[in-house]
4 protein chains.
Amino acid sequence: MNKMRNIRKGTGESRRGKETILLILNSAKTILIEQGYSKLSMRKVAVGAEISVGNLQYYYPSKNDLLKDLLDHSIDEFMNEFERLRVGVNNDPELHLRSIINFIVLDLGNPTTTTFYPELWALANHDEYADKLMDQIYARVRLPLEDCITRINPKLSVEQVKKVALFISASMEGMTMFVGNGKVWNDSIKQMANIAIMSFLQMVKKITPEDIDKVL
Amino acid sequence: MNKMRNIRKGTGESRRGKETILLILNSAKTILIEQGYSKLSMRKVAVGAEISVGNLQYYYPSKNDLLKDLLDHSIDEFMNEFERLRVGVNNDPELHLRSIINFIVLDLGNPTTTTFYPELWALANHDEYADKLMDQIYARVRLPLEDCITRINPKLSVEQVKKVALFISASMEGMTMFVGNGKVWNDSIKQMANIAIMSFLQMVKKITPEDIDKVL
Amino acid sequence: MNKMRNIRKGTGESRRGKETILLILNSAKTILIEQGYSKLSMRKVAVGAEISVGNLQYYYPSKNDLLKDLLDHSIDEFMNEFERLRVGVNNDPELHLRSIINFIVLDLGNPTTTTFYPELWALANHDEYADKLMDQIYARVRLPLEDCITRINPKLSVEQVKKVALFISASMEGMTMFVGNGKVWNDSIKQMANIAIMSFLQMVKKITPEDIDKVL
Amino acid sequence: MNKMRNIRKGTGESRRGKETILLILNSAKTILIEQGYSKLSMRKVAVGAEISVGNLQYYYPSKNDLLKDLLDHSIDEFMNEFERLRVGVNNDPELHLRSIINFIVLDLGNPTTTTFYPELWALANHDEYADKLMDQIYARVRLPLEDCITRINPKLSVEQVKKVALFISASMEGMTMFVGNGKVWNDSIKQMANIAIMSFLQMVKKITPEDIDKVL
DNA sequence: AATGAATGAGCGTTCATTCAT
DNA sequence: TATGAATGAACGCTCATTCAT
């Protein structure tokens, strides 16, 4: 079965077809990253993939179909790497938390990450599919975080753990626009990772249920 | 002198002209927020402002000119409110820090903020003006943060204070896509503010120069 | 006020604009008649009117808007001539009926009529606007027929008169595809008019309410 | 030999091939009737026949080839039924004329007839094949009409009989757009048949060579 | 200060057709 | 017989921009 989900049925099943799909997705990704979603057009994707517009639309009948596969494809690369982290870390939750934070913050330096994610966030405000996708991928990112937090600070309820994980994950995402590749503060990415690790670790250890749920 | 900087020279100086400019900017902002930058067009702005395309282009000869004023105009509203915070807070740096964090996190619930800022971040990756504007506004946001941090933790160098302020500011921005208006976690916005205050205050107090600059 | 009803608001109000609209409608009509509706495209209309596609779409935002005005415009020419018949005929209903039949049958020889009406009929089966338009124009054609029939044969009820008028009108339309301009039987158009006059006049005089409504 | 004339040579000779051709023709006919000729495309036909575009083009190398067979196929159904009329009617020419008129007028209520024939007429104005086909089928329809007329009114010349038959046939076709299936006057179809029979029978009996050929 | 008219490029999409398998 | 892959042209339409009035 074909992994790509939004192509026309009965398409991309021959070896040649699969190669063409990869050419298309890579072309689309390059344009999205270099020029932004507002400049992404079927014509440009076709030129980038060195195929005709007609052939592009043979695989992706509508631009939206292409966008869906593009988002899936772009995110898969990150998720595959991220979920390899889980493996190969010993049982120490603090160490695991450190390694996750370190991985995510340093990944922000990746030029693809720097430009792709802000496009995704903006898109999610206007496109249902992008919105659902975001929910899914960040839920998967928070899973190991929640596991670490629960083990480091067992006094927190399940709901509270989820909120702390969300806070940590969201905080790191926020750095994208400032320390990402080509950004003014890109040189400080290591220090940001240091501050993040120190800050989040301290917080996870010390925070109490009351700290989270108090009403002022 | 006219406050708007990117309109045609000698334009928007009469009362009627100023009203038209406001109609234009509000129309543009509505479209940017409701439909995203990729759907923003001169035609739609003109329709929204109930003027002709020709007249719109009398004020803003090019779409880029309009975009510039749109960004300025949209950000001014936030900055005006933000800088009013400074006034009316007594001399306690910790209290001031708390109030800044609280203000920014709770502001994320604002629907305009939720959708406008991701558009700005995405834009900044491809548009020089948006990029510079981001630098300027976030530098202004960090100023009071840096002041508080210096006074709470005097051992930090000027550079280190800047990085801590950046970390705090960036962290809070990262919550936009998760706890903003209409987002899945919007109900948890108060708890996010609590975690943020607890987390950042603790960190600012405890962090050492070595924590920030150590190399692993 | 502008006579054309389906153009963009605030358009076609200057003398130049009105001239352009006429160029457009004439171009569209020529294409419809020479090549048929399936070959009618905005591009071809623009070429025929010697304007840009953009300008064409400035006047007619959608192809459907153009089609509507095209149908209105094309029919107006016939209706104007047809309704001039009413005037200048003395009070004799038989004479009036003869002149109507004669006019309509001979008009079928008009090359525009020959090709335009079959397109309209086909269109009416798939396009609501064309369907309604057909109803309206043929109702207007039947009005004077109904008047003559009532006066020639007063025994018929209002409903029966309507049906006889419909029969006569429909019968004449049916000749379009056979005796119209360029058709095999075009040379027989005069004889067709003779047969029609003799046949319909005889029938209107002799037909009884029972002839029409009997059930076999 | 294969009955279909416009398919690729050596094609449609196996049982499977014949079934596929029927699927194709039925799909094409459905589209022609439901959406009109302007919406008829090879793609839609292939989808409707549940085969690939490539396979469709194996049978019909060009759209025009398909159109030809489509017209032949669609008309055959009517002609088969029509020519069955001849059989089973006794020798009375007046009775035969009545039954022909009745059959044709009532057939207009058939939804296929209602929409198919106007498409054919419009097509005949721009397509040579459709034009020739029309000539052929209506000549076949007029044959029994001419036979009846000659026997009812022997004073008419051969040419005059042909014109009277044409008049009758054309008149009935004209009702398609008004009393056909789904049309406003569909309920009056029986009365239309009555008026037609009364009108045409009277005319055939009474009309003189001078009525037809007089010049005014 | 404002409108209407016009252009030309580009958009997403559909299409008939060709061809290798 | 039948499919999947590919092309190139055309489609309806939107767009930023220019210009005369």
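Proteins come first, then strands; the chains are lettered A, B, ... in the order of their sequence lines, and each starts at number 1. Computation of the quantities below employed the complete heavy-atom set of this structure, encompassing side-chain atoms and omitting hydrogens, waters and symmetry-equivalent molecules.
Of the residues C/E119, C/E34, C/K39, the one that meets the side chain to side chain donor-acceptor pair (under 3.5 Å) test with D/H126 is C/E119.
Taking atom NZ of residue A/K68 and atom C1' of nucleotide E/dG12, one finds them 16 Å apart after rounding to whole Å. Computed from coordinates, the A/K63 NZ to E/dT14 P distance equals 15 Å when rounded to whole Å. The interatomic distance linking A/Q35 (CD) with E/dG10 (P) rounds to 13 Å, in whole Å. Between the P atom of F/dT14 and the CD1 atom of B/I31 lies a distance of 15 Å, rounded to the nearest Å. Computed from coordinates, the A/R8 CZ to F/dT3 P distance equals 14 Å when rounded to whole Å. Note: CG (D/D65) to C1' (E/dT18) measures 15 Å, nearest angstrom. Here E/dT14 presents its P atom at 20 Å from NZ of C/K39, a figure rounded to the nearest Å. For D/L66 and E/dC15, the CG to C1' distance is 14 Å, given to the nearest whole Å.
In this structure, the nucleotide among E/dT14, F/dT17, E/dT17 sitting nearest to the side chain of A/Q57 is E/dT14. The side chain of A/S52 has F/dG8 as its nearest neighbour among F/dG8, F/dA5, F/dC13. In the set F/dC13, F/dA5, F/dT17, the nucleotide with an atom closest to the side chain of A/Y59 is F/dA5.
DNA chain F is contacted by both A/L56 and C/M42; A/L56 maps to the nucleotide lying nearer its 5′ end (nearest heavy atom per residue). Between C/R16 and D/S41, the residue anchored closer to the 5' end of DNA chain E is C/R16, taking for each the nucleotide with the nearest heavy atom. Projected onto DNA chain E by closest heavy-atom contact, D/K44 and D/G54 fall at different nucleotides, the more 5' of which corresponds to D/K44. If you find the closest nucleotide of DNA chain F to D/T20 and to B/P61, the one lying nearer the 5' end belongs to D/T20.
Side-chain contact between B/L123 and B/D131 is absent, with no heavy atoms from C-beta onward closer than 4.5 Å. Looking at C/F116 and C/L71, their side chains come closer than 4.5 Å, going by heavy atoms from C-beta outward.
In a base pair of the Watson-Crick type (N1 to N3 plus N6-O4 or O6-N4) or a G-U wobble (N1-O2 and O6-N3), with each distance short of 3.5 Å, E/dA20 is matched with F/dT3. F/dA10 is paired with E/dT13 under the criterion used here, namely a Watson-Crick or G-U wobble arrangement in which both key atom distances are under 3.5 Å. In a base pair of the Watson-Crick type (N1 to N3 plus N6-O4 or O6-N4) or a G-U wobble (N1-O2 and O6-N3), with each distance short of 3.5 Å, E/dA1 is matched with no nucleotide.
Under the 6.0 Å distance and 45° angle rule, B/K63 counts as a cation-pi partner of B/Y37.
Annotation: side-chain hydrogen bond (donor to acceptor under 3.5 Å, both in side chains) contacts involving residues 19-32 of chain D, sequence neighbours excluded, comprise D/K29-D/E77.
One finds no side-chain N or O of B/Y58 lying less than 4.0 angstrom from the OP1 or OP2 phosphate oxygen of E/dA2. Put simply, B/S62 has no side-chain N or O that comes within less than 4.0 Å of OP1 or OP2 on F/dA16. In terms of phosphate contacts, B/N55 brings no side-chain nitrogen or oxygen within less than 4.0 Å of OP1 or OP2 of E/dA1.
Between A/L25 atom CG and A/L32 atom CG the span is 11.5 Å, to the nearest 0.5 Å.
If you check every strand for non-hydrogen atoms under 4.0 Å, A/G17 touches sugar and phosphate atoms only.
Residue-to-nucleotide contacts include a donor-acceptor pair under 3.5 Å from the side chain of A/R43 to the base of E/dG12.
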